[in-house]
Amino acid sequence: MKKIKVLNQLVEEGVVAVLRGDTPEEVVEMAEQAIAGGIKSIEVTMTVPRALQAIETLAKKYNSGAADPDRYAIIGVGTVLDPETARAALLSGAEFVVGPSLNPATVTLCNRYCVPVLPGVMTVKEIQEALELGVDIVKLFPGNLYSPAMIKAIKGPLPQANLMPTGGVSLDNLGEWIKAGAVAVGIGSDLTQAAVAQGDYSLVAKRASQYVEAYRAAKG
């Protein structure tokens, strides 16, 4: 049941913050600001040094079972290349797993522990393979290589596919992706680059609130 709950939350929230940084402390600060701005789905990438430390810190503070709705968020792990990394992240508190590509062994491990896994895909063949492995949502990546029209093209032969574009999604085109049929979107550097450049992480919260508003407007 927990897997279903997390999947529903990912889709209902609609925006996933994909966070990268130089230290776990920096990423924790980014995540806290993103959550304050209304983005309740956080993906900490494994490219962050000591990323598991950041995941554990955030999972303890913002687990999806928190009684206080203001302190609720889903903490996941991204840039997962193999099942060993996935398992380590799950033990640190990650509630969903995202990869840049489709790794069958990682999908198998996540299915074993009933954890949502969102592998990166680029082709219809990869999407079909992911569906056959039991994947519920695939990450269309890198999204900046496509336009929102790609979702309609994919859903021609695969109407059952649930797609989350990541990379290249912006405030300007988020609405187009959602209206084209994306179940959610992943937001990366556009969420944090101004904050990092200016050394003011409160800008992440402001940017996050803009993305949440844009998503809600697109959903009507």
Donor-acceptor under 3.5 Å ([X] side chain, [Y] main chain):
{"X": "E56", "Y": "L52", "answer": "no"}
{"X": "K155", "Y": "A161", "answer": "yes"}
{"X": "N8", "Y": "K5", "answer": "no"}
{"X": "Y146", "Y": "M122", "answer": "yes"}

For residues [X] and [Y]: do they belong to one hydrophobic cluster (side chain heavy atoms under 4.5 Å, members Ile, Leu, Val, Met, Phe, Trp, Tyr)?
{"X": "I42", "Y": "L203", "answer": "no"}
{"X": "F141", "Y": "I178", "answer": "no"}
{"X": "L81", "Y": "M46", "answer": "no"}

Under a 4.5 Å cut-off applied to non-hydrogen side-chain atoms, are [X] and [Y] in contact?
{"X": "Y62", "Y": "K40", "value": "no"}
{"X": "I137", "Y": "L163", "value": "no"}
{"X": "M164", "Y": "V16", "value": "yes"}
{"X": "I127", "Y": "I154", "value": "yes"}
{"X": "L19", "Y": "T192", "value": "yes"}
{"X": "Q53", "Y": "V48", "value": "no"}
{"X": "L118", "Y": "V97", "value": "no"}
{"X": "L102", "Y": "V107", "value": "yes"}

### Query
What pairs of residues pass the side-chain hydrogen bond (donor to acceptor under 3.5 Å, both in side chains) test when at least one of them lies in residues 174-191, not counting sequence neighbours?
D190-R207, D190-Y211
I need the minimum non-hydrogen distance between [X] and [Y], along with the two atoms involved.
{"X": "P119", "Y": "V135", "value": "CD-CG1, 3.5 Å"}
{"X": "V138", "Y": "A130", "value": "CG1-CB, 3.7 Å"}
{"X": "A195", "Y": "V204", "value": "CB-CG2, 3.5 Å"}
{"X": "A214", "Y": "L171", "value": "CB-CD2, 4.1 Å"}
{"X": "S41", "Y": "E13", "value": "OG-CB, 3.9 Å"}
{"X": "V15", "Y": "Y215", "value": "CG2-CB, 3.8 Å"}

N/O donor to acceptor pairs below 3.5 angstrom from side-chain atoms of residues 84-94, sequence neighbours left out:
| from | atom 1 | to | atom 2 | distance (Å) |
| --- | --- | --- | --- | --- |
| T85 | OG1 | D82 | OD1 | 2.7 |
| S92 | OG | A88 | O | 3.1 |

### Query
What distance separates K139 NZ from T166 OG1, expressed to the nearest 0.5 Å?
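Nearest 0.5 Å value for the NZ-OG1 distance: 5.5 Å.
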#### Entry: For P83, all residues meeting side chain to side chain contact (heavy atoms under 4.5 Å, CB included), sequence neighbours excluded
N103, A105, T106, L109
### Set of residues satisfying side-chain hydrogen bond (donor to acceptor under 3.5 Å, both in side chains) with respect to D136, sequence neighbours excluded
K3
### Task
Return the set of residues passing side-chain hydrogen bond (donor to acceptor under 3.5 Å, both in side chains) with Q128 (not counting sequence neighbours), or none when no residue passes.
E132
Enumerate, atom names and distances included, each donor-acceptor pair closer than 3.5 Å involving a side-chain atom of residues 30-39, sequence neighbours excluded.
| from | atom 1 | to | atom 2 | distance (Å) |
| --- | --- | --- | --- | --- |
| E32 | OE2 | K61 | NZ | 3.0 |
| Q33 | NE2 | E29 | OE2 | 3.2 |

